[in-house]
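What follows is a short report on a single structure.
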Amino acid sequence: ACSQKKARNAALHPLWQSPLTIPGGTRQSPINIQWRDSVYDPFLKPLKISYDPTTCLHIWNNGYSFLVEFDDSTDRSIIIGGPLENQYRLKQFHFHWGAINDWGSEHTVDSKFYPAELHLVHWNAVEYPSFEDAVMEGNGLAVIGVFLKLGARHEGLQTLVDALPAVRHKDTVIEFDVFDPSCLIPSCPDYWTYAGSLTTPPLTESVTWIIKKKPIEVDEDQLEAFRMLLFTSDGEEEKRMVDNFRPLQPLMNRTVRSSFR
Ligand SMILES: N=Nc1ccc(S(N)(=O)=O)cc1
Ligand SMILES: [Zn+2]
């Protein structure tokens, strides 16, 4: 059994091989969201999202996902309201997905996996001078999670999908100068929120998670386009970029709040 575990572990991408628990972690992510255990909080405000599409910079493959990065030197693309004390600046968004449609998301709802999950990463530029500083603070980051489900083709996502062949290998980048990520966020205002962490190293417990209740629909070809990306650099033995999600973490002493009854 031990040698089997070693073999299975060796099959994992280096990022997820290390014992993925941080000592003393009490608010790790992702978690299963048990709908019936979430607590409606009438004081939660609607989340206000205002992105400036011209703050979009580039897409790059960083070896564990593909990231669309934004110019976060000003407050042009921000979110405010919801569970947040002040406004947070958009820095990047990325996805997590599976090798097949049965899994791929990081969070689950009533133990159901979605084939993929979008993360829009924001940082508290009101209280901290940089993203790197905010990553170390309990209220430093706010990440909006959006589930992707198999269905109709998503026209807004397609502009991203068309660019993916250009970032197939790790550490490749392509300029991407106008994109409004709000087209990837469901119009339904309902969300769950809880205190959590980054789901990849440094795994710091600095994230206010805002998980949208409604998924967006994407089609099979669009999911397949994610799966043709590679973890590996040009010239290395190819390893398909799939199953780049962290295992579920214990809820411990946390309550998931809902913005809806
Ligand atoms: N180092 N930056 C990171 C930003 C966001 C995430 S996640 N997957 O929690 O949104 C992980 C790492
Ligand atoms: Zn993520």
Side-chain angles (χ1 to χ4, degrees), residues 12-16 18 20-22 25-33 47 49 57-70 72 77 79 82-84 88-98 103-109 113-125 128 130-148 157 160 170-171 173 181 184-185 191-212 215-216 223 226 229 231 241-251 254 256:
L12 288 174
H13 180 270
L15 197 61
W16 288 277
S18 60
L20 260 172
T21 54
I22 64 167
T26 59
R27 51 175 279 193
Q28 288 291 293
S29 295
I31 59 168
N32 175 51
I33 296 167
L47 187 63
I49 296 168
L57 293 172
H58 50 252
I59 307 178
W60 70 293
N61 176 332
N62 68 350
Y64 69 84
S65 182
F66 67 93
L67 279 77
V68 181
E69 294 210 291
F70 289 78
D72 61 351
S77 288
I79 57 172
L84 304 171
Y88 286 65
R89 246 183 230 173
L90 176 66
K91 169 138 184 85
Q92 52 105 327
F93 69 82
H94 62 274
F95 297 81
H96 303 260
W97 61 91
W103 59 73
S105 60
E106 295 216 294
H107 293 87
T108 54
V109 179
F113 281 93
Y114 285 88
E117 184 173 332
L118 159 65
H119 289 158
L120 295 130
V121 182
H122 310 76
W123 59 283
N124 182 344
Y128 307 112
S130 74
F131 174 79
E132 288 68 25
D133 290 292
V135 161
M136 308 309 289
E137 304 291 337
N139 68 340
L141 303 181
V143 181
I144 298 176
V146 179
F147 294 117
L148 276 62
L157 185 73
L160 261 183
K170 180 182 177 204
D171 294 332
V173 61
L184 300 173
I185 301 173
Y191 62 84
W192 290 284
T193 184
Y194 77 97
S197 74
L198 298 179
T199 64
T200 64
L203 300 173
T204 44
E205 299 187 330
S206 54
V207 181
T208 299
W209 281 95
I210 299 167
I211 308 286
K212 297 291 282 186
I216 58 170
L223 286 170
F226 286 15
L229 293 169
F231 281 129
M241 183 181 276
V242 293
D243 299 335
N244 54 357
F245 56 91
R246 188 190 192 194
L248 290 171
Q249 302 297 308
L251 184 60
R254 289 180 284 182
V256 177

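Counting starts at 1 for both ligands and their atoms, following the listed order.
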> So between Thr204, Thr200, Leu118, whose heavy atom ends up nearest atom 12 (C) of ligand 1?
Replying inline: Thr200
>> Would you compute the distance between atom CG of Asn61 and atom CZ of Phe66 and round it to the nearest 0.5 angstrom?
In response: 9.5 Å
Any [X] heavy atom less than 4.0 Å from ligand 1:
X      : result
Trp209 : yes
His94  : yes
Lys91  : no

> Are Tyr194 and Ser29 close enough that a side-chain donor and a side-chain acceptor fall under 3.5 Å?
Replying inline: yes
>> Under a 3.5 Å cutoff, is there a donor and acceptor pairing between the side chains of Asp243 and Trp97?
In response: no
>> Pair Phe70, His58 - check ring pair (Phe, Tyr, Trp, His ring centres under 6.0 Å), show working.
In response: CA-CA 7 Å; Phe70 289 78; His58 50 252; 9.3 Å; no
What residue and heavy atom of the protein are closest to [atom], and at what distance?
atom                   : value
atom 8 (N) of ligand 1 : Thr199 OG1, 2.8 Å
atom 2 (N) of ligand 1 : Phe131 CZ, 4.1 Å
atom 3 (C) of ligand 1 : Leu198 CD2, 3.9 Å

> Against heavy atoms of Gln92, which atoms of ligand 1 measure under 4.0 Å?
Replying inline: 4 (C)
> Which atoms from ligand 1 have a heavy atom of His96 less than 4.0 Å away?
Replying inline: 8 (N)
>> To make sure I understand the geometry: which N, O or S atom in His119 is closest to the Zn ion (ligand 2)?
In response: ND1
> If we only count heavy atoms from C-beta on, is the Arg246 to Gln28 side-chain gap below 4.5 Å?
Replying inline: yes
> Does some side-chain heavy atom of Val146 sit less than 4.5 Å from a side-chain heavy atom of Phe93?
Replying inline: no
> With a 4.0 Å heavy-atom cut-off (strictly under), which part of Val121 contacts ligand 1: side chain, backbone, both or neither?
Replying inline: side chain
>> Check Arg89 with Asp72, please: is the shortest side-chain N to carboxylate O separation under 4.0 Å?
In response: no
>> Going by the rule side-chain hydrogen bond (donor to acceptor under 3.5 Å, both in side chains), which residues pair with Ser206 if we only count those two or more places apart in sequence or in a different chain?
In response: Thr204
